[in-house]
Amino acid sequence: MNPPIIAPSILAADFANLQRDVELINRSEADWFHVDVMDGVFVPNISFGFPVMEAICRHATKPLDVHLMIVQPERYIDAFAKAGAAAITVHYEACTHLHRTLTLIREAGCRAGVALNMQTPVDTLIDIADAFDQVLIMTINPGFGGQKLLPLSIPKVVKLRRLLTEAQSPALIGVDGGIDQHTIGMVVAAGIDYAVAGTSVFGAADPLLAIQTLKKARQPLLA
Ligand code: DX5
Ligand code: ZN
């Protein structure tokens, strides 16, 4: 089993020391930057927009994985691609024409991702399996960092892994929310390829060590 791709979430960084925190991730074992954009409408919180994203991009040496928690994300695909996104993930629940939006993302030169909230069944993606490169299973209700993983999300990962294998889709499966040294093992065992982690990285006494620990997870830690 390959080690999971680890994507630290900038939402949990110190925004007054953003360059420092970006450089910390640059020299860590992490693979991507996870960039959470919230509009205060799709989720009950507002994070940041283009100026901050561009500032991150100026210093980041690893791909920017942008997670759009906004309504009508199709209006902003080109702008996020220009701001430096390597991957853009939109929410299933925010897209009336998801297939069109995913196509736009690929046409903009980015990997196309779709995120599913807790209540959205994974089966709903299967007819458009060719249209995305990654699926983000939310393991919390989005809007805030620092929440506890909701265990109901784990069987969704197992089921999606089976569906993607049957469809011969190379799309990656990720999880977002409440990922730490205690929960990483079970999501890896469930079949993920990548994990987003905010609080457990930037809130750790030693973020480099925290990333190393997440990277090493291969099986559930025994209780
Ligand atoms: C929440 C965001 C997450 C968040 C995860 O809506 O999508 O990426 O930063 O934070 P933690 O790892 O603290 O749960
Ligand atoms: Zn996120």
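Side-chain atoms are counted along with the backbone in the values below, which use heavy atoms only and exclude waters and symmetry mates. Atoms within each ligand, like the ligands themselves, are counted from 1 in listed order.
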Going by the order shown, which atoms of ligand 1 are within less than 4.0 Å of some heavy atom of [X]?
X    : result
G143 : 1 (C), 6 (O)
H34  : 8 (O)
G145 : 10 (O), 13 (O)
M38  : 6 (O)

Do the charged groups of [X] and [Y] touch, with an N to O distance under 4.0 Å?
X    : Y    : answer
K159 : D123 : yes
K62  : D31  : no
R162 : E166 : yes

*ligand 1 contact by A197, heavy-atom criterion under 4.0 angstrom*: yes
*Determine, using heavy atoms of G146 and all atoms of ligand 1, whether some pair is separated by less than 4.0 Å.*
yes
_Are L136 and M186 connected into the same hydrophobic cluster when the rule is that any two of I, L, V, M, F, W, Y join if their side-chain heavy atoms are below 4.5 Å apart?_
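Looking at the clustering, L136 is in a separate group from M186.
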*asked:* Closer than 3.5 angstrom, by distance alone: can the side chain of K215 be matched with the main-chain N or O of P4 as a donor-acceptor pair?
replied: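 Side chain of K215 to backbone of P4: a pair is present.
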*asked:* Just checking R20: does its CZ atom have more than 12 heavy atoms from other residues, nucleotides or ligands closer to it than 6.0 angstrom?
replied: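 Counting other residues, nucleotides and ligands, CZ of R20 exceeds 12 neighbours.
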Tell me which protein heavy atom sits closest to [atom], plus the residue, atom name and distance to 0.1 Å.
atom                    : result
atom 9 (O) of ligand 1  : S9 OG, 2.8 Å
atom 12 (O) of ligand 1 : G198 N, 2.7 Å
atom 14 (O) of ligand 1 : G178 N, 2.8 Å
atom 5 (C) of ligand 1  : D176 OD1, 3.5 Å
atom 13 (O) of ligand 1 : T199 OG1, 2.5 Å

*Can you say whether the rings of F48 and F15 are parallel (under 30°), tilted (30 to 60°) or perpendicular (over 60°)?*
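F48 vs F15 ring planes: perpendicular.
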*Sub-3.5 Å N/O-N/O distance, S200 and ligand 1*: no
*Where on L11 is there a heavy atom closer than 4.0 Å to ligand 1, on the side chain, on the backbone, on both, or on neither?*
side chain
*Using a distance-only test with no angle check, is there a side-chain donor-acceptor pair under 3.5 angstrom linking H67 and D176?*
yes
_Side-chain touch L116/L125, heavy atoms, less than 4.5 angstrom_ = yes
With the Zn ion (ligand 2) as the reference point, give the N/O/S atom of [X] that is nearest.
X    : result
D176 : OD2
H67  : ND1
D36  : OD1

